[in-house]
2 protein chains.
Amino acid sequence: MGWEPVRRTRAFEDVIAQIERRIAEDGLTVGDRLPGERQLAEQLRVGRSSVREAMRVLETLGVVASHAGRGPDAGAVLTARPAGALADLLRLHVGLSSLSMREVAETRMMIEQWAVRHAAGHATPDRLDRLRAALARMERAGSADEFVLHDAEFHLTIAELSGNRLLTATMHALRATVQRHAVEAVERLGVTDPLMADHRRIYEAVASGDSEEAAAAIADHLTRAYPDPQGPTG
Amino acid sequence: MGWEPVRRTRAFEDVIAQIERRIAEDGLTVGDRLPGERQLAEQLRVGRSSVREAMRVLETLGVVASHAGRGPDAGAVLTARPAGALADLLRLHVGLSSLSMREVAETRMMIEQWAVRHAAGHATPDRLDRLRAALARMERAGSADEFVLHDAEFHLTIAELSGNRLLTATMHALRATVQRHAVEAVERLGVTDPLMADHRRIYEAVASGDSEEAAAAIADHLTRAYPDPQGPTG
DNA sequence: TCGGGACATATGGTCAGACCATACTGTGGT
DNA sequence: ACCACAGTATGGTCTGACCATATGTCCCGA
């Protein structure tokens, strides 16, 4: 008889499932602590190493953070940091050529355009302030490195205008993936005036609530910044 | 002096970095094998458990797959499966209320609209065939479960029209996240005629190359399918 | 009473070694 | 040529030990 080659559940997978079940049933939320590794191992009848592998997975996915020592902050604490996980994922898959920079850049364009088109109600004074501050710092930037830093802040705030945390986290990861290339591109380019003009145009459109103009401005900017598959900028 | 609390690099993080370096420098690609856990531990001067934690992380991120036994397929093999990682990430963060179904649904709308707007050149005969096949199977579906299965195939193929693997993988994950709710919603709804009409309208627009009509059809469909933050459908 | 230092303790991080489960590989007999 | 079986490489798991880190606790001296 040809049975399906049923892959027995590994111990650490069971641990993950149990922790997930506890989160759902006990209503655990961000900030709550999980039992210690030794205690968890005893409760679930597995070795501590299996618990640790489970924790590593959950940490990778940005759901728990572990700290040694004693006190309220020690141990495994539930968190909500999906951006790091997404950044790791993109970095590794781009390194493997499983994803191309073109695809990354395209996704970024999609998110930023969507964000400005759905900014109504999310363009708070605080966010507009941050956009202006980023613009000012970009102008005063003394190096490509510094310029890209504030450029990242600008585009990240644009993504926040979507009012969608998944998109914001993804934007974080996309930016991190492109970061190194962006610095090199700005250094190669030398002059940042065209980029600054793009940024100001985007800001004005957002501030005045002109969604389509903002989307067009973003398209122009990113097209300029990613002129070819090899040289992405910010 | 107030130094930054420098977190010493953990052994398994070093292992990950070394593997990543090898991928980049030795030009490893999907399908290549990594050394065995024992060998890797010896080479990098760490314990096998640290190697295993590193492998767990890489497996979670969808870049390696491990198989026991012997032969060419055994050991840790480089893969390119980002969708599973994204699905795990979404499931856990939704469970933690770190992401809402509204945000997930909204992201899905964004991707599908972008996909049909950029379908030019990617709407291959094969993909159109798959869309038609999914439509036919949805019509003949005998259960909500079966209907949702083919509905997923339909929308996944729509995402493929973007010609962007990152968006396709993300769509996989979004669908998986919504799956359970979708089945319940279809069962509650009983009749699937309106959903089928939506699907046909989407297909016709895509097949005739009318991007804006396709985008509008998707907006209508997903608005109908996700009528409120609690009850998403497909 | 208050401060500070020494010790206790809880928690994660790492290692070594053992054993099991799995699945190919090679060998030898038929 | 085929097939059965032993060999072996590989991941999966457990145990126990020890280190590193950070907080709690307690006692002593000023």
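Computed from a predicted structure; not experimentally measured.
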Spacing of A/R8 atom CZ relative to C/dA21 atom C1', expressed in whole Å: 8 Å

Interface residues of residues 69-77 of chain A with DNA chain D (non-hydrogen, below 4.0 angstrom): A/G69, A/R70, A/G71, A/P72

Contacts of B/Q43 that satisfy side-chain hydrogen bond (donor to acceptor under 3.5 Å, both in side chains) - sequence neighbours left out: B/R22

Identify every side-chain donor-acceptor pair in residues 163-173 of chain A under 3.5 Å, counting partners at least two apart or on other chains, and give the distances.
from, atom 1, to, atom 2, distance (Å)
A/N164, OD1, A/L166, N, 2.8
A/N164, OD1, A/L167, N, 3.2
A/N164, ND2, B/E103, O, 3.2
A/N164, ND2, B/E106, OE2, 3.0
A/R165, NE, B/E103, OE1, 3.2
A/R165, NE, B/E103, OE2, 2.9
A/R165, NH1, B/S98, O, 3.4
A/R165, NH2, B/E103, OE1, 2.8
A/T168, OG1, A/N164, O, 3.0
A/T170, OG1, A/L166, O, 2.7

Any residue meeting side-chain contact (heavy atoms from CB on, under 4.5 Å) with B/S97, in chain and number order, not counting sequence neighbours: none

Proximity to the side chain of A/F12 - top-ranked nucleotide from D/dT13, D/dG11, C/dT14: D/dT13

Side-chain donor/acceptor contact of A/R38 with base of C/dG12 under 3.5 Å: yes

Lys/Arg N to Asp/Glu carboxylate O, B/R10 vs B/D14, below 4.0 Å: no

Rounded distance in Å - CG (B/L34) to C1' (D/dA9): 16 Å

Partners passing side-chain contact (heavy atoms from CB on, under 4.5 Å) against B/S143 (at least two apart in sequence or in another chain): B/D145, B/E146

Separation of D/dG12 P from B/E37 CD (nearest whole Å): 6 Å

Under-4.0 Å side-chain N/O to phosphate OP1/OP2 contact, A/R56 with C/dG13: yes

Interatomic distance where CG belongs to B/L58 and C1' belongs to D/dG11 [whole Å]: 15 Å

Value in whole Å for how far the C1' atom of C/dT22 lies from CZ of A/R10: 13 Å

Presence of salt bridge, B/E59 and B/R56, under 4.0 angstrom: yes

Residues forming a side-chain contact (heavy atoms from CB on, under 4.5 Å) with A/E42, sequence neighbours excluded: none

Result block: side-chain N/O donor-acceptor pairs under 3.5 angstrom for residues 74-88 of chain B, not counting sequence neighbours:
from, atom 1, to, atom 2, distance (Å)
B/T79, OG1, B/G62, O, 3.4
B/D88, OD1, B/R91, NH2, 2.7

Residues that B/R140 engages under side-chain contact (heavy atoms from CB on, under 4.5 Å), provided they are two or more places apart: B/A136, B/R137

Closest listed nucleotide, where the reference is the side chain of B/A68 and the choices are D/dT10, C/dT11, D/dT13: D/dT10

Residues touching DNA chain D, which here means a heavy atom under 4.0 Å, drawn from residues 40-55 of chain B: B/R48, B/R52

